[in-house]
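Worksheet for the structure shown next.
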Amino acid sequence: MKRNFIYKLKKYPKHGIGRSPGSSINLEDIGGGDVSSQVQALAEQLADQMVSDQTAATTISNMGKTFSVFNQAEDVVKNQTELVTAGLWSDNQGTLTTHFSSSTETLDQIRHYVDIYQKDPSATGSAVQYALAYGHALGSGSSELGSLANPASKATYGQYKQLLLEKSATRFVTAGSGSTDSIYVVNIQRNRMKEQLDAGNWELPLATINSRASNATGSVTLTTGTYTLIDDSSVNVGTNGESGIVYNIVSGSIDGGIYNTADPVYYGLFYPKHGALVLDGKMLDQQLAFDTNTSSDSEGNNHYALFHSISGSSAGGFDARNQETVTSTNYFVRIKNGMFNFSNNPSYITGSVGQLAQSTFVGAPKSYITTVGLYNDKQELLAVAKLSKPLLKSFSREALVRVKLDF
């Protein structure tokens, strides 16, 4: 029918040749009364074929894809911040229950500070957790080592004064005793702090001293009484200075809060950004009988008394956590049903012509996604994300994988 109609149409006189001006073709005369429906049918058939061809091309393109470009507006979410805390001590532990000093430290080191380890310093995995030091503004409690020497306690006090106090300040001032010449310092190992210590999440145990030698590297005996110290960030916004926010150190516990909030006992100052606890020597003498050696030109090594007080306490351990702000970028990898259904793993095909190894995959291929790679515009691999378990992918399954990069 179609061929007969087209033949008659070709024989019909063209416009201007054997036809009167203004005349038109009468489709009924040439047997084309249903031509409109035929043309419509042909147009629909052609459109269907074009859609089919486009779909096939898209499918082939998706099956062979190696990369998929991110839509920056929809697939990438940048500058997401999150506050993260973790255990401060080795292996991300939140509680330190064992405290060791090293016998290999030199005499000059001992006069200035003592490093504290979580296990015997000679044991595998042993690492410095924190250091203890004693400072005195006038050099008391330390040997002068000759008239030209700078006593260790004076050097220590001056070091922490420069680090933590305003330039105009000459003394540490605590809410416990006011201006104090005598300080004990607990200084956390820097690489454990990350950004800073987590305020409100540390607790220092101290045992009361029964007796001690004038040089605290010698005999130190303890009583059964134990105090625990915390900061007062739960009730105090702190004071802000050149060293960052500063809180008071008070008697209390993480679980129970500040002891006697109406009239707390103040023991010193807490500097979260520096990982430093500055304890008032006067208050330790008054409350825990530290009997600090403040004689001039005397080898006191008072920081060893603090070491024995911490390591000999029965309060459960030194609890502490670090804190940092993590900035993240989230990449949403959208895997549509027609994408990545084949694998380039050699085991996926067989034979010399690359036949599918699994006959069930013919017409219904499947793959298992285990890794997502992030590339730059030059197709250079920048990062690799591993899925917790292989993800089945087929024409009937779609997936959304979120890759999170922390900075």
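No experiment lies behind these values; they were computed from the predicted model shown.
- Residues Arg334 and Glu398 are not paired through a salt bridge, judged by the lack of any N-O separation under 4.0 Å between the basic side chain and the carboxylate.
- In this structure, the separation between CD1 on Ile254 and CG on Asp231 is 9.0 Å, given to the nearest 0.5 Å.
- Not counting sequence neighbours, the partners of Asn236 by the side chain to side chain donor-acceptor pair (under 3.5 Å) test are Asp232.
- No hydrogens or angles considered: a donor-acceptor pair under 3.5 Å links the side chains of Asn341 and Lys393.
- A donor-acceptor distance shorter than 3.5 angstrom exists from the side chain of Ser367 to the backbone of Phe340, with no hydrogens or angles considered.
- A donor-acceptor distance shorter than 3.5 angstrom exists from the side chain of Glu195 to the backbone of Thr325, with no hydrogens or angles considered.
- Looking only at side-chain heavy atoms (C-beta outward), Ser68 and Val333 stay at 4.5 Å or farther from each other.
- By the 4.5 Å heavy-atom criterion applied to side chains, Ile209 and Leu288 are not counted as neighbours.
- Residues satisfying the side-chain contact (heavy atoms from CB on, under 4.5 Å) test with Asp108, not counting sequence neighbours, are Thr106, His112.
- Formation of a donor-acceptor pair under 3.5 Å by the Ser142 side chain with backbone atoms of Ser153 is found in this model.
- Heavy-atom minimum distance, Gly252 versus Thr228: O-OG1, 2.6 Å.
- Partners of Asp280 under the side chain to side chain donor-acceptor pair (under 3.5 Å) rule, at least two apart in sequence or in another chain, are Thr174, Ser177, Thr180.
- Residues Ala207 and Leu222 come closest through the heavy atom pair CB-CD1, 4.0 Å.
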Check the pair Leu206, Leu284 against side-chain contact (heavy atoms from CB on, under 4.5 Å), reporting the backbone distance first and the verdict last. CA-CA 10 Å; Leu206 294 177; Leu284 294 184; 4.1 Å; yes

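- By the 4.5 Å heavy-atom criterion applied to side chains, Leu400 and Arg402 are not counted as neighbours.
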Evaluate the criterion side-chain contact (heavy atoms from CB on, under 4.5 Å) for residue pair Thr327 and Asn79; output intermediate values, then yes/no. CA-CA 6 Å; Thr327 301; Asn79 298 323; 4.3 Å; yes

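- Atoms CG and CZ, from Asn322 and Arg192 in turn, are 10.0 Å apart once rounded to the nearest 0.5 Å.
- Minimum interatomic distance between Leu163 and Ser243 (heavy atoms only, all atoms of both residues): O-CB, 4.2 Å.
- The CG atom of Leu387 sits 7.5 Å away from the OG1 atom of Thr371 when rounded to the nearest 0.5 Å.
- Between Lys273 and Ile245, every side-chain heavy-atom pair lies at or beyond the 4.5 Å cut-off.
- Remark: Tyr331 engages Phe70 in a ring pair (Phe, Tyr, Trp, His ring centres under 6.0 Å) (not counting sequence neighbours).
- The neighbour count for Lys282 NZ, taken as heavy atoms of other residues, nucleotides or ligands under 6.0 Å away, is above 12.
- Considering all non-hydrogen atoms of both residues, Pro151 and Gly139 come closest at CB-O, 3.7 Å.
- Among all heavy-atom pairs drawn from Trp89 and Ala320, the shortest one is CZ2-CB, 3.9 Å.
- Screening residues 162-171 for side-chain hydrogen bond (donor to acceptor under 3.5 Å, both in side chains) gives Arg171-Asp181 as the qualifying pairs, with residues at least two apart or on separate chains.
- Listed by chain and number, the residues in a side-chain contact (heavy atoms from CB on, under 4.5 Å) with Ala262 are Asn260 (sequence neighbours excluded).
- Screening residues 246-290 for ring pair (Phe, Tyr, Trp, His ring centres under 6.0 Å) gives Tyr184-Phe290, Trp202-Phe270 as the qualifying pairs, with residues at least two apart or on separate chains.
- For the residue pair Ser102 / Thr104, a side-chain donor-acceptor distance below 3.5 Å is found, with atom types taken as modelled.
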One pair to check against side-chain contact (heavy atoms from CB on, under 4.5 Å): Val185 and Leu132. What are the steps and the verdict? CA-CA 6 Å; Val185 181; Leu132 301 174; over 6 Å; no

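- Residues Leu164 and Leu269 form no side-chain contact, since every pair of their non-hydrogen atoms from C-beta on lies 4.5 Å or further apart.
- Remark: Gln379 CD to Leu381 CG distance equals 11.5 Å, nearest 0.5 Å.
- The closest donor-acceptor contact from the side chain of Asn187 to the backbone of Ala131 lies at 3.5 Å or more, if one exists at all.
- Taking CD1 of Ile188 as the reference point, atom CD of Gln196 lies at 13.0 Å (rounded to 0.5 Å).
- Smallest separation of non-hydrogen atoms from Ala216 and Ala305: CB-N, 3.5 Å.
- Counting only distance, with no hydrogens or angles, the side chain of Asn71 and the backbone of Asp75 share no donor-acceptor pair below 3.5 Å.
- Not counting sequence neighbours, the partners of Gln286 by the side-chain contact (heavy atoms from CB on, under 4.5 Å) test are Met283.
- The distance from atom CG of Leu306 to atom CG of Leu279, rounded to the nearest 0.5 Å, is 6.5 Å.
- With contacts defined as side-chain heavy-atom distances shorter than 4.5 Å, the pair Leu229/Val250 does not qualify.
- With Ser101 contributing its side chain and Ile116 its backbone, the two residues share no donor-acceptor pair below 3.5 Å.
- Checked against side chain to side chain donor-acceptor pair (under 3.5 Å), Ser251 has no partners two or more places apart in sequence or in another chain.
- The list of side-chain hydrogen bond (donor to acceptor under 3.5 Å, both in side chains) pairs with a residue in residues 113-141, not counting sequence neighbours, reads Ser90-Gln129, His99-Tyr130, Gln109-Tyr113, Gln118-Gln129, Asp120-Ser122, Tyr134-Ser182.
- Residue pairs meeting the side-chain hydrogen bond (donor to acceptor under 3.5 Å, both in side chains) criterion with at least one partner in residues 301-318, sequence neighbours excluded, are Arg212-Asn302, Asn215-Asn301, Thr226-Ser314.
- Here the side chains of Lys78 and Gln72 are in contact, with some heavy-atom distance below 4.5 Å.
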One pair to check against side-chain contact (heavy atoms from CB on, under 4.5 Å): Leu374 and Leu405. What are the steps and the verdict? CA-CA 10 Å; Leu374 300 183; Leu405 291 185; 3.9 Å; yes

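- Not a single side-chain contact (heavy atoms from CB on, under 4.5 Å) links Lys389 to another residue, sequence neighbours left out.
- Counting heavy atoms from C-beta on, the side chains of Val77 and Thr329 never come closer than 4.5 Å.
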